[in-house]
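Order of listing sets the numbers, starting from 1, for every ligand and every atom in it.
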Amino acid sequence: MGEPLIVYGTDASYYTGKLEAYLRAKGIAYRLEPFGEANMRRCAEHTGVVQVPQVECPDGTWLVDTTLILEHYERIQPAPAIRPSVASVRFVSELLEDFADEWLWRPAMHYRWSFPENARLMSAWLAEHVAERRAPEFLKRRYWRRRQLGTFVTGDGVSDATRKVVEGAYLGTLAALEPILQRRPYVLGDRPTAADFGFFASLFRHFACDPVPGRVMRTRSPGVHEWVARVWNGSPERTACGAMPERLPDDLGPLFEIVAAEYLPYLEANAKAFAAGDARTRYSIRGVAFDEPTKPYRVWCRDRLQRALTALPASERALVDEAVGAPEALPSLAVPSPRPAENVVETLPITPSAGRRTPVDSWWRPTR
Ligand SMILES: N[C@@H](CCC(=O)N[C@@H](CS)C(=O)NCC(=O)O)C(=O)O
């Protein structure tokens, strides 16, 4: 085995957990390096993004964005593949990955930071990542609680009015996944796909490991709890031993209900707000009004899905339409966003470079 990748991140992080599970499933050696101020600055100089995880490869190139990193390795090191070869199954794996990556982020942050017992624990955990600052522990913890709550919870549309819908995305996803994972080992079949790694981000690091949502998972959805351990226990041998799914399972309806009623209408509202130059996106989900920052990154996510959907051959598209069963949501996803977001990460790997433009944050907003 060659030299390991250096993954800058933390073992508390949503997307770092997703990436680690994928690297384990593929047998790609890595070393987790706790993020800090100095290494984040260095990562951003190379990749242009301030977020975790970021990957430094032994040859000096860089990788960023978990969705793109998975695609990159499926290209350069396809075996054992996690990318379905049947187009309809592949599209659904990408749609579910994106939904899980983006739409479960807010409930994951809400459950971690709105409940004092979680916030106490996780602020202590994250305080270790400001080791370069000489400040008392309680100030470091306060910094994290305020930052995470202010940016990703109250600052991202969670309020008394929206809380039930935000929590509903977690509870509904658990309820939808439980019968699936009681029936088979992975979301689409006998082998993990991008959908599993997408769901793993929130379901492992936040929903299974944080005390409050963890209790909910263990009580309501032991099959999901077992799947979390199964995905973490991935290896190339285990990945290879299940057949790649070639047909869409017929029990994905409850998951697609959430995707179609919540995520796709939101993605469209975000794309329209971005095109209009609005810094805020306002929309309603299940009759509840939301107001949150507009996110260029998610315009890019929507347009990738839009292109993948419209590229499907007619017979494969018909299978997706039937499986998703949402008369309005998919046709509207087929329409390109009115203004595409500028692509911050064009191709992987990124060659080392200095003096890139102002780095962007994880939602691709300028950091200065
Ligand atoms: N699309 C990115 C998202 C990465 C991301 O948002 N990571 C979180 C931590 S899990 C982060 O760094 N957030 C930015 C922040 O906290 O400022 C990916 O797939 O890697």
Side-chain angles (χ1 to χ4, degrees), residues 5 7-23 30 32-37 39-41 43-44 46-56 62-73 94 96-113 122-123 125-127 129-130 143-153 155-156 194-207 209-210 267 270 293 295-305 341 343-346 348-350 359-368:
L5 304 175
V7 175
Y8 296 96
T10 155
D11 64 359
S13 140
Y14 191 102
Y15 290 98
T16 307
K18 174 188 172 191
L19 178 63
E20 288 187 77
Y22 173 76
L23 296 174
Y30 71 93
L32 181 62
E33 180 68 31
F35 78 86
E37 278 179 90
N39 62 29
M40 276 298 99
R41 244 191 328 270
C43 290
H46 291 295
T47 64
V49 194
V50 184
Q51 67 185 18
V52 296
Q54 309 226 25
V55 178
E56 186 173 6
W62 291 78
L63 306 173
V64 73
D65 191 90
T66 57
T67 303
L68 291 177
I69 298 172
L70 266 59
E71 282 181 7
H72 168 71
Y73 277 108
E94 289 164 1
L96 291 177
E97 179 195 17
D98 188 58
F99 158 74
D101 274 356
E102 303 303 322
W103 195 242
L104 297 180
W105 169 257
R106 181 165 50 198
M109 295 307 268
H110 162 65
Y111 274 100
R112 177 168 287 179
W113 297 105
M122 297 318 295
S123 59
W125 200 313
L126 288 175
H129 294 274
V130 273
Y143 161 77
W144 279 112
R145 285 174 80 150
R146 289 191 176 161
R147 177 188 192 272
Q148 302 303 81
L149 205 57
T151 312
F152 298 116
V153 184
D156 195 27
D196 293 273
F197 299 108
F199 280 116
F200 190 73
S202 60
L203 286 165
F204 174 46
R205 284 281 155 78
H206 289 239
F207 295 139
C209 293
D210 290 357
L267 270 188
N270 180 63
K295 302 177 176 84
Y297 177 75
R298 292 185 184 161
V299 179
W300 177 82
C301 291
R302 182 182 182 282
D303 285 340
R304 280 167 47 89
L305 290 175
N343 192 355
V344 171
V345 186
E346 270 161 20
L348 296 186
I350 299 168
V360 293
D361 68 11
S362 58
W363 290 328
W364 289 5
R365 301 174 304 176
T367 48
R368 283 175 234 130

**Message:** Between ligand 1 and Y297, is the shortest N or O to N or O distance under 3.5 Å?
**Reply:** yes

**Message:** Can you confirm, on distance only, whether ligand 1 has an N/O atom lying under 3.5 Å from any N/O atom belonging to K18?
**Reply:** no

**Request:** Give the residue, atom name and distance (to 0.1 Å) of the protein heavy atom nearest atom 1 (N) of ligand 1.
**Result:** D65 OD1, 2.9 Å

**Asked** Does any N/O atom on R147 come nearer than 3.5 Å to any N/O atom on ligand 1?
**Response** yes

**Message:** Ring centres under 6.0 Å, that's the criterion: do Y111 and H206 meet it?
**Reply:** no

**Fill in**
atom 13 (N) of ligand 1: closest protein heavy atom, distance to 0.1 Å, is S362 OG, 3.6 Å

**Prompt:** Which option, L68, V52, T66, owns the non-hydrogen atom nearest atom 12 (O) of ligand 1?
**Reply:** V52

**Request:** Identify which of Y15, F152, Y14 has a heavy atom lying nearest to atom 5 (C) of ligand 1.
**Result:** Y15

**Prompt:** Which ligand 1 atoms, with their elements, are less than 4.0 angstrom from a heavy-atom of S13?
**Reply:** 10 (S)

**Item:** Name of the residue among Y297, W300, F152 meeting ring pair (Phe, Tyr, Trp, His ring centres under 6.0 Å) with W363
**Value:** F152

**Request:** Assign the ring pair F197 / Y22 to parallel, tilted or perpendicular, where the plane angle (0 to 90°) is split at 30° and 60°.
**Result:** perpendicular

**Item:** Step-by-step salt bridge (Lys or Arg N to Asp or Glu O under 4.0 Å) determination, K18 to E97
**Value:** CA-CA 10 Å; K18 174 188 172 191; E97 179 195 17; 2.9 Å; yes

**Prompt:** Does any N or O in the side chain of Q54 come within less than 3.5 Å of the main-chain N or O of V49, such that one atom is a donor and the other an acceptor?
**Reply:** yes

**Prompt:** Does NZ or CZ of R146 lie under 6.0 Å from the centre of the six-membered ring of W144, at an angle within 45° of the ring axis?
**Reply:** no

